[in-house]
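One structure is given here, and the rest of the page talks about it.
Hydrogens, waters and symmetry mates play no part in the numbers below; they use all other heavy atoms, side chains included. Protein chains get the first letters and strands the later ones, always in sequence-line order, with residue 1 at the start of each.
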2 protein chains.
Amino acid sequence: MTLRADAQRNLDRLLDVAGECFAEQGLDVSVDEIARRAGVGHGTVFRNFPSKDDLVIAVLNERIRELTQLALAARDEPDAWEGFAGFFRHVSLLYAENLALIEGLERCAGTPEKGELGRAVEQLVQRAQRAGALRRDVTAEDVMMLVPTAARYPEIVLDGLHVA
Amino acid sequence: MTLRADAQRNLDRLLDVAGECFAEQGLDVSVDEIARRAGVGHGTVFRNFPSKDDLVIAVLNERIRELTQLALAARDEPDAWEGFAGFFRHVSLLYAENLALIEGLERCAGTPEKGELGRAVEQLVQRAQRAGALRRDVTAEDVMMLVPTAARYPEIVLDGLHVA
DNA sequence: CGGTAAGCGGACTAGCCAGTCCGCTTAGGG
DNA sequence: CCCTAAGCGGACTGGCTAGTCCGCTTACCG
């Protein structure tokens with residue numbers, strides 16, 4: 001079962017615009033505003049996503065998949081600490097320019113996307129710990145919790161995480 | 001011009017209850033709920049505070065004055081780094097159990113209370129820096145920005161701030 | 001103890017929100 | 001090109017919010 005061409009265009013545009021709105025203004029933007037900026041009626045939003053929450057989760061899951069790709073790439077860096085630190089810096093930047101990540105990531109607990117991200121970051125953390133470069137008393141979850149602050153001060157937090 | 005005894009009781013109770021509500025649930029609690037928990041009608045809230053925002057600021061200013069007292073006490077600690085670190089740990093705890101601080105402190109920019117707090121923290125920071133124990137590239141403002149994350153991981157962030 | 005103004009609180013308004021529904025439009029297969 | 005169902009969007013609902021207002025209550029002064 002495939003969508004009509006115009007419907008598919010609207011859906012794509014909707015996800016793009018919703019991503020921008022949530023990033024700029026946080027998850028409290030009204031569905032009306034998203035629909036207006038996407039050039040559709042808000043009825044169209046609710047046909048594609050039964051509730052606003054479903055739209056939020058769809059957008060966040062896209063962002064989470066991107067984070068997972070970053071983590072997997074960082075795992076392939078030759079130096080374990082540099083791989084970890086590079087990932088941390090990159091994610092900090094993304095958080096700094098995306099309110100949706102700060103406000104909404106915990107809503108995705110339990111989704112398969114969040115699980116994959118968790119596993120990827122865990123590998124990164126364990127590799128850096130085995131190399132003796134990362135404090136042994138932090139978990140992957142701790143690391144992700146530290147990112148929001150780190151968004152403005154990544155080097156200070158990295159210094160606190162580093163074993164010299 | 002002094003308040004009638006019952007009116008004064010209501011006002012005190014209102015500030016207490018509002019402080020609790022904002023701490024537990026954040027600044028989005030409705031005025032209705034605060035009034036109900038304080039045992040008054042919500043008309044009474046708006047007689048004391050022209051808008052909800054005025055109530056929020058009144059509550060936050062109380063918290064800020066408490067923080068300022070902590071900073072002034074920390075300045076009198078014999079060891080400059082321990083004074084700073086103790087203040088940082090204490091404030092982290094307060095943030096961890098008070099949503100209002102996380103959500104609302106920036107609203108108080110410009111109030112005299114916020115100015116005093118800024119000056120007190122600045123003294124603390126400069127003393128620790130003169131003692132060679134605190135990174136020279138952070139300002140008092142940076143320190144206060146780091147607290148929210150530090151609420152869960154104060155020792156890691158302190159380690160990042162410390163000069164060994 | 002009685003008069004009065006300070007104080008009270010709930011009914012009311014206006015605005016915003018998510019979510020529903022249905023008559024109109026139009027894409028696209030035959 | 002025409003027919004039809006997929007898709008559209010805006011009018012509508014219901015619930016929640018901050019803020020207003022006024023008739024009733026009660027603290028407290030003389």
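Side chains of Glu113(B) and Thr68(B) form no contact here, defined as non-hydrogen atoms less than 4.5 Å apart.
Note: CG (Leu14(A)) to P (dG7(D)) measures 14 Å, nearest angstrom. In this entry the distance linking CZ of Arg36(A) with P of dC16(C) reads 11 Å, nearest Å. Rounded to whole Å, the distance from CZ on Phe46(A) to P on dG19(C) is 5 Å. A straight line from CZ of Arg37(A) to P of dG9(D) spans 17 Å, rounded to a whole angstrom. Asn48(B) has its CG atom 7 Å from the P atom of dC8(C), to the nearest Å. The CZ atom of Arg13(A) sits 12 Å away from the P atom of dG9(D) (whole-angstrom rounding).
A heavy atom lying under 4.0 Å from DNA chain C marks the following residues of residues 24-35 of chain A, by number: Val29(A), Ser30(A), Val31(A). Of the residues in residues 100-110 of chain A, none lies under 4.0 Å from DNA chain D by heavy-atom distance.
Under the 4.5 Å side-chain contact rule for hydrophobic residues, Val56(A) and Phe46(A) share a cluster. The hydrophobic clustering, which links ILVMFWY residues whose side-chain heavy atoms are closer than 4.5 Å, places Leu101(A) and Val143(A) together.
Side-chain contact annotation: Gln129(B) with Arg136(B), donor-acceptor N/O pair under 3.5 Å absent.
Counting non-hydrogen atoms of other residues, nucleotides and ligands closer than 6.0 Å to CZ of Arg135(B) gives a total above 12. The local environment of CD in Glu66(A) is crowded, with over 12 non-hydrogen atoms from other residues, nucleotides or ligands closer than 6.0 Å. More than 12 heavy atoms of other residues, nucleotides or ligands sit less than 6.0 Å from atom CZ of Arg75(B).
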All N/O pairs under 3.5 Å across the protein-nucleotides 23-30 of chain D interface:
| residue | atom | partner | partner atom | Å |
| --- | --- | --- | --- | --- |
| dA27(D) | O4' | Arg4(B) | NE | 3.4 |
| dC28(D) | OP1 | Ala5(B) | N | 2.8 |

Please list, for nucleotides 10-15 of chain C, all pairs of protein and nucleotide N/O atoms separated by less than 3.5 Å.
| residue | atom | partner | partner atom | Å |
| --- | --- | --- | --- | --- |
| dA11(C) | N6 | His42(B) | NE2 | 3.4 |

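Between Leu72(B) atom CG and Gln69(B) atom CD the span is 5.5 Å, to the nearest 0.5 Å. Interatomic distance, OH of Tyr153(A) versus CG of Asp159(A), reported as 15.5 Å (0.5 Å rounding). Going from atom CD1 of Ile57(A) over to atom NZ of Lys114(A) covers 11.5 Å, rounded to the nearest 0.5 Å.
Side chain of Lys52(A), nearest nucleotide from dT20(D), dA18(C), dG7(C): dA18(C).
Here the side chain of Glu103(A) pairs a donor or acceptor atom with the backbone of Leu27(A) at under 3.5 angstrom.
Between dG7(D) and Asn10(A), no contact under 4.0 Å exists linking OP1 or OP2 to a side-chain N or O.
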Report, one line per pair, each donor and acceptor closer than 3.5 Å where one atom sits in a side chain of residues 80-96 of chain A; sequence neighbours left out.
| residue | atom | partner | partner atom | Å |
| --- | --- | --- | --- | --- |
| Arg89(A) | NE | Glu155(A) | OE2 | 2.6 |
| Arg89(A) | NH2 | Glu155(A) | OE1 | 3.4 |
| Ser92(A) | OG | Phe88(A) | O | 2.7 |

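Residues satisfying the side-chain contact (heavy atoms from CB on, under 4.5 Å) criterion with Arg9(B), sequence neighbours excluded, are Asp6(B).
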